[in-house]
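Quick notes on the structure that follows.
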Amino acid sequence: MIGAGLGGLSAAIRLANAGCAVTIVEGGARPGGKLGTLERGGFRFDTGPTIFTLPHLLEDLFRESGECLADHLELVPCEPAFRFAFRDGVELRLGTDLRRNVAQIAALEPRDVAGFLAFLARSERIYDELMAYFFRRSFNGPRQMFTPRVARAGLTLDVIRSLDGRMRRYFRDPHLRHIMTFKSIYVGTPPTQVPAAYAAIPYLEFVYGVWFARGGRGLHAIAEELAALAVRRGVAIRYSAPVKEIAVGRDGARGVILADDEFIPADAVVSNADLVHTYRDLVHPRWRRRYTDARLARYEPSSSAFILYLGVDRVYPGLEHHNVFFPADYAGEMARIFGEKRPPADPTIYIGDFARTDPALAPPGSSALYVLAPVPHITPAFDWAREGDAYRDLLIARVRDLGLADLAERIVVEERWTPLDFAERHHNNLGSIFGLSGKWSQSTFFHPPNRSEEVRGLYFAGGSAQPGGGIPLVLLSGEITAELVLEDLLK
Ligand SMILES: Cc1cc2nc3c(=O)[nH]c(=O)nc-3n(C[C@H](O)[C@H](O)[C@H](O)COP(=O)(O)OP(=O)(O)OC[C@H]3O[C@@H](n4cnc5c(N)ncnc54)[C@H](O)[C@@H]3O)c2cc1C
């Protein structure tokens with residue numbers, strides 16, 4: 001197994017549970033990959049994902065391993081899940097409390113209450129279908145599209161309509177439409193270009209809730225606990241062990257070669273690393289007829305993020321755990337990210353205030369703030385090494401205008417990650433944070449399968465594999481891939 005990200009750990013635990021001898025070789029010094037952690041001056045920050053949904057998928061993994069998640073991790077709901085703030089002064093605090101949600105929607109546009117209920121009902125069917133079928137298997141190409149099962153599912157999933165088109169039917173109020181669609185930005189695609197099935201994202205947040213881990217470790221605790229579970233199940237994890245090549249012969253993958261030339265033999269190799277990195281950098285071109293460098297370069301990566309981790313010596317009373325501040329001109333933001341491929345001057349800003357839920361993450365009276373702006377993946381149109389300082393100043397100035405007026409003077413700890421960090425630290429293709437972009441031509445049937453078509457015995461699990469990026473999906477990706485490996489090993 002290459003990589004101890006969540007997808008790799010999920011696959012490794014399932015393979016170990018089935019009796020396989022599993023070794024994980026991880027290039028970094030700790031588990032979790034993007035779900036990393038940063039400690040500075042008494043503050044602790046999650047470095048990547050902050051919005052944790054569907055914890056039952058994690059519970060399933062522990063239960064399958066004969067253990068109980070609650071014995072290891074204290075998960076608490078974030079309620080409200082989000083504070084959404086618009087530039088015209090409209091604010092909503094939405095979560096799993098239906099009555100509270102409805103009251104706020106009615107205050108904005110009474111006719112949209114019926115739309116919200118219709119959205120929930122329709123999204124429930126979409127979510128159930130995704131969970132029952134699409135998120136449980138790896139598809140091998142467009143041929144699989146033309147089956148009665150998929151045709152039926154297509155109707156439920158509303159595949160011919162875009163997310164934006166579907167939400168326009170439910171919501172008259174532009175604020176509500178925006179809240180229900182803006183997350184497509186994180187799979188690197190505007191809401192006009194992703195299928196309506198993406199409505200499942202806001203749905204599951206409003207129904208299943210958004211969760212955080214208490215105990216002074218942030219969400220990174222999930223990675224630590226999964227790694228500990230893997231070790232208890234007999235998985236060997238070797239840290240600081242970067243793989244430089246996957247050894248391939250005529251019979252397929254034979255193992256991996258580490259940077260120090262050590263060869264580790266294996267009957268199967270699962271890569272939890274980025275798919276483009278795996279093929280391009282780890283599989284010698286002589287074994288790649290389909291996944292040539294030219295083809296790999298054509299894959300559109302998802303977008304990236306610019307993040308400031310700020311230790312601040314005060315508390316801001318208006319903030320919730322998750323806060324989203326929308327820009328004045330959303331179309332302009334989209335055009336900038338996906339058209340010009342430059343970071344927006346007026347971005348959507350996410351602020352996570354984690355010590356609000358777990359005071360152990362910051363010194364008393366202080367805040368551990370995580371400030372994120374969505375930005376394009378690395379392109380020649382923007383030089384982060386040269387222009388990163390100016391973008392940091394722009395973001396701080398924007399945040400000051402959002403009600404954190406004295407922020408610049410109250411910062412006692414500051415770190416920043418740009419797309420270059422995501423590329424360098426974890427080999428993410430062009431700094432993308434959600435694997436491949438979610439656009440049509442790369443999704444489901446057109447997405448590379450988790451069992452390599454090129455190299456026998458090579459598999460993929462994680463954000464750039466199927467069913468996609470995000471904590472819940474990479475946990476499922478590990479499950480799908482473990483099944484494929486077992487199917488082949490037992491042949
Ligand atoms: C800033 C940011 C915000 C996000 N926000 C959210 C969110 O709010 N909610 C959500 O659900 N998801 C979010 N995500 C996405 C989520 O973090 C990822 O989809 C998920 O964690 C990816 O897991 P993975 O299994 O693909 O492994 P990764 O985390 O990508 O880990 C892969 C591992 O492989 C290792 N590796 C790579 N190459 C090699 C090599 N050659 N040799 C050895 N090891 C190697 C890496 O070091 C790494 O540890 C966010 C991601 C980022 C970066």
Side-chain angles (χ1 to χ4, degrees), residues 1-5 7-12 14-15 18 20 22-25 27 33 135-144 242-258 263-299 301 426-429 432 435-436 441-469 473-474 476-491:
M1 178 83 54
I2 304 170
L9 289 166
S10 161
R14 290 182 155 112
L15 287 168
C20 298
V22 184
T23 299
I24 299 180
V25 278
F135 288 170
R136 301 283 176 178
R137 50 186 41 75
S138 164
F139 292 90
N140 286 327
R143 267 173 297 124
Q144 280 179 302
V243 172
K244 73 169 186 191
E245 190 177 339
I246 296 173
V248 182
R250 287 193 193 291
D251 51 347
R254 293 175 173 172
V256 298
I257 303 169
L258 302 186
F263 171 60
I264 303 178
D267 296 325
V269 174
V270 177
S271 178
N272 176 218
D274 184 280
L275 182 131
V276 172
H277 163 63
T278 304
Y279 274 131
R280 187 191 55 210
D281 306 329
L282 306 183
V283 178
H284 193 281
R286 75 181 273 228
W287 303 111
R288 295 190 268 127
R289 266 174 303 149
R290 276 175 183 230
Y291 292 92
T292 58
D293 287 359
R295 174 172 175 173
L296 293 167
R298 283 199 297 274
Y299 280 121
H426 302 303
H427 299 298
N428 295 130
N429 184 33
S432 64
L436 301 185
S441 57
Q442 295 185 169
S443 62
T444 316
F445 303 102
F446 306 99
H447 192 291
N450 292 10
R451 178 196 276 128
S452 170
E453 310 135 289
E454 193 94 89
V455 178
R456 186 137 39 99
L458 172 62
Y459 307 83
F460 298 93
S464 59
Q466 294 187 35
L473 294 197
V474 303
L476 289 172
S477 172
E479 183 179 331
I480 294 169
T481 299
E483 277 167 21
L484 294 175
V485 174
L486 291 171
E487 209 176 282
D488 293 350
L489 289 180
L490 296 174
K491 258 183 202 158

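Side chains included, hydrogens not; waters and symmetry mates left out as well; all remaining heavy atoms used. Computed from a predicted structure; not experimentally measured.
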_Verdict with supporting geometry, Leu282 and Val256, side chain to side chain contact (heavy atoms under 4.5 Å, CB included)_ = CA-CA 9 Å; Leu282 306 183; Val256 298; over 6 Å; no
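With values rounded to the nearest 0.5 angstrom, Leu436 atom CG is found 7.5 Å from Asp274 atom CG. Between atom OG1 of residue Thr481 and atom CG of residue Asn450 there is a gap of 3.5 Å, rounded to the nearest 0.5 Å. Taking CZ of Arg136 as the reference point, atom CD of Glu479 lies at 5.0 Å (rounded to 0.5 Å). Between the NE2 atom of His277 and the CD1 atom of Ile2 there is a distance of 7.5 Å, given to the nearest 0.5 Å. Atom NE2 of His447 and atom OH of Tyr299 lie 8.0 Å apart (nearest 0.5 Å). Atoms CG and CG, on Leu296 and Leu275 in that order, are 7.5 Å from each other to the nearest 0.5 Å.
For Asp267, the CG atom sits in a loose shell: 12 or fewer heavy atoms of surrounding residues, nucleotides or ligands are nearer than 6.0 Å. In the displayed structure, Arg288 atom CZ is contacted under 6.0 Å by more than 12 heavy atoms of other residues, nucleotides or ligands.
Considering every non-hydrogen atom in both Ala273 and Ser464, the closest pair reads O-OG, 4.0 Å. Considering every non-hydrogen atom in both Gly468 and Val474, the closest pair reads O-CG1, 3.7 Å. When every heavy atom of Ala11 is checked against every heavy atom of Ala461, the shortest pair comes out as CB-CB, 4.4 Å. Taking every heavy atom of both residues into account, Ser452 and Val455 meet most closely at OG-N, 2.9 Å. Minimum interatomic distance between Ser477 and Gln466 (heavy atoms only, all atoms of both residues): OG-O, 3.1 Å. Closest heavy-atom contact between Ile480 and Ser138: CG2-N, 3.7 Å.
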Which pairs would a plain distance check flag for residues 484-491, meaning a side-chain donor or acceptor within less than 3.5 Å of a matching protein atom at least two apart in sequence or in another chain?
{"residue": "Glu487", "atom": "OE2", "partner": "Arg451", "partner atom": "NH2", "Å": "3.1"}
{"residue": "Asp488", "atom": "OD1", "partner": "Arg451", "partner atom": "NH2", "Å": "3.0"}
{"residue": "Asp488", "atom": "OD1", "partner": "Lys491", "partner atom": "NZ", "Å": "3.4"}
{"residue": "Asp488", "atom": "OD2", "partner": "Arg451", "partner atom": "NE", "Å": "2.9"}
{"residue": "Asp488", "atom": "OD2", "partner": "Tyr459", "partner atom": "OH", "Å": "2.6"}

With a 3.5 Å cut-off and sequence neighbours excluded, list the donor-acceptor pairs that the side chains of residues 243-251 form with protein atoms.
{"residue": "Lys244", "atom": "NZ", "partner": "Asp261", "partner atom": "OD1", "Å": "2.4"}
{"residue": "Asp251", "atom": "OD1", "partner": "Arg254", "partner atom": "NE", "Å": "2.9"}
{"residue": "Asp251", "atom": "OD1", "partner": "Arg254", "partner atom": "NH2", "Å": "3.0"}

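For Ser432, there are no side-chain hydrogen bond (donor to acceptor under 3.5 Å, both in side chains) partners two or more places apart in sequence or in a different chain.
Distance alone, capped at 3.5 Å, is enough to place a donor-acceptor pair between the His284 side chain and the Arg286 backbone.
Under the 30°/60° scheme for interplanar angles, the aromatic rings of Tyr279 and Phe460 are found to be tilted.
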